[in-house]
> 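Can you keep this structure in mind? I'll have questions shortly.
Quick note: residue numbers are just sequence positions, from 1.
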Amino acid sequence: SLWDTARGAAAWRTPAPKLPPTIFSYSSAAGLALAPEKGGKDFVLLTNSAVLASGAAMQHSGIEIRINGHGQGGKLRLTLLRDTNSLDEQSYASEIDYAADGSTHALAWNVFKCTTKGAAGSSMPTAFDAIMLSGSRVDGAPLVVASIRFWDSSGATRKDGRSDGIRTPE
């Protein structure tokens, strides 16, 4: 996993008080469940625990994310941040159309587009220190992110053929 699953839900937080309140929980069997706070439609979560894994990013082709919409499809925005909460913060995002049931999405580094004001056109750095998940749910129902891990286009876990011990929960 690209984030500290051993810490569970404690590895995630709402990034700022002005952003949509989000409820979330983690189960090693199911993954990270997230939803807008009661009565809301939007959600946003951030983890800084990706900083350790991101050092190995250049050995991979991108990120794979498994999502279960629990009966409701939608869009999930996956943002990778560099220098989070600094004056030099850079953000790179990709939007994912997920299915109502389970779906897996492989995102090559080049699909992450720069969303930092004044830095348009800069390429995605493969070292990042945070992952942010955001989107909307029509009825406020939870969305489950079963896994977020490195992806390699050849099908191997790493370009050099070795494993980082990355496992996807069943």
Side-chain angles (χ1 to χ4, degrees), residues 1-9 11-15 20 22-36 42-82 84 90-115 124-138 141-159 163-170:
S1 181
L2 285 183
W3 62 280
D4 186 359
T5 56
R7 290 196 60 221
W12 293 88
R13 62 185 167 85
T14 300
T22 303
I23 55 173
F24 55 97
S25 62
Y26 174 72
S27 153
S28 61
L32 179 69
L34 57 151
D42 299 328
F43 62 85
V44 60
L45 277 184
L46 175 90
T47 182
N48 293 101
S49 69
V51 68
L52 296 176
S54 77
M58 291 183 66
Q59 299 169 2
H60 304 279
S61 301
I63 291 177
E64 179 185 274
I65 183 168
R66 282 185 30 211
I67 304 166
N68 187 332
H70 283 279
Q72 182 185 130
K75 281 191 185 297
L76 177 71
R77 184 179 183 99
L78 186 136
T79 305
L80 303 176
L81 301 161
R82 184 179 179 116
T84 307
Q90 298 172 6
S91 60
Y92 300 82
S94 182
E95 288 201 348
I96 303 159
D97 290 315
Y98 60 88
D101 54 1
S103 55
T104 300
H105 307 269
L107 308 169
W109 296 126
N110 65 356
V111 303
F112 288 90
K113 302 302 178 200
C114 182
T115 56
M124 165 63 206
T126 51
F128 49 91
D129 55 47
I131 299 170
M132 188 164 51
L133 303 172
S134 58
S136 297
R137 297 291 282 172
V138 175
L143 163 77
V144 174
V145 175
S147 68
I148 305 171
R149 65 184 198 161
F150 286 124
W151 166 76
D152 186 73
S153 60
S154 69
T157 304
R158 287 175 38 155
K159 288 183 180 176
S163 171
D164 284 328
I166 298 168
R167 292 189 305 263
T168 303
E170 296 300 322

> Identify the residue among D4, L46, L32 that makes a side chain to side chain contact (heavy atoms under 4.5 Å, CB included) with W12.
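Running side chain to side chain contact (heavy atoms under 4.5 Å, CB included) over D4, L46, L32 with W12 returns exactly one hit, L32.
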> When rounded to the nearest 0.5 angstrom, what distance separates CD in E95 from CG in L107?
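Between E95 CD and L107 CG, I get 11.5 Å after rounding to 0.5 Å.
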> Between S91 and T79, what is the shortest heavy-atom contact and its length?
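Taking S91 first and T79 second, the nearest heavy atoms are CB-CG2, 3.8 Å.
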> For A33 versus V144, what's the shortest heavy-atom pair and its separation?
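Closest approach of A33 to V144: CB-CG2, 4.0 Å.
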> CE of M132 to CG of N48: how many Å apart, nearest 0.5 Å?
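The CG atom of N48 is 11.0 Å from CE of M132, to the nearest 0.5 Å.
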> Distance from R137 atom CZ to L34 atom CG, nearest 0.5 Å?
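The CZ atom of R137 sits 8.5 Å away from the CG atom of L34.
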> Return yes if some donor-acceptor pair links the side-chain N/O of R66 with the main-chain N/O of G102 below 3.5 Å, else return no.
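Pair absent, no side-chain N/O of R66 close to backbone of G102.
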> Show the numbers, then the answer: is there a side-chain contact (heavy atoms from CB on, under 4.5 Å) between L81 and F128?
CA-CA 6 Å; L81 301 161; F128 49 91; 6.0 Å; no
> Do the side chains of Y98 and V145 get nearer than 4.5 Å, heavy atoms only?
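Sidechains of Y98 and V145: no contact.
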> Go through L143 and L133 one step at a time and tell me if the side-chain contact (heavy atoms from CB on, under 4.5 Å) criterion holds.
CA-CA 11 Å; L143 163 77; L133 303 172; over 6 Å; no
> Does V44 offer a backbone N or O that forms a donor-acceptor pair with the side chain of R77 under 3.5 Å?
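No.
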> Can you give me the closest heavy-atom contact between A35 and P142, atom names plus distance?
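A35 and P142 have their closest heavy atoms at CB-CA, 3.6 Å.
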> Measuring from atom NE2 of H105 to atom OG of S94, what distance do you get when rounded to the nearest 0.5 angstrom?
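Here the interatomic distance stands at 10.0 Å.
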> Taking side chain as C-beta onward, heavy atoms only, is D42 less than 4.5 Å from P36?
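Result no, sub-4.5 Å side-chain heavy-atom pair not found.
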> Are any of the side-chain heavy atoms of T5 and W3 separated by less than 4.5 Å?
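Touching, per the 4.5 Å side-chain cut-off.
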> Check the angle between the aromatic planes of F150 and H60 and answer parallel, tilted or perpendicular using the 30° and 60° thresholds.
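It falls in the parallel class, under 30°.
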> With rounding to the nearest 0.5 Å, note down the distance linking OG in S147 to CD1 in I67.
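Output value for this atom pair is 9.5 Å.
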> Under 3.5 Å, side chain of Q72 to main-chain N/O of A141, donor-acceptor pair present?
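No.
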> Show the nearest heavy-atom pair for residues A99 and S103, with the distance to one decimal.
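Where A99 meets S103 most closely, the heavy atoms are N-OG, 3.4 Å.
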> To the nearest 0.5 Å, how far apart are CG in L78 and CD1 in I65?
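Spacing of CG (L78) from CD1 (I65) equals 5.0 Å.
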> I'd like to know if the side chain of T47 reaches the main chain of L45, judged simply by a donor and an acceptor atom lying under 3.5 Å from each other, with no hydrogens or angles considered.
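Pair absent, no side-chain N/O of T47 close to backbone of L45.
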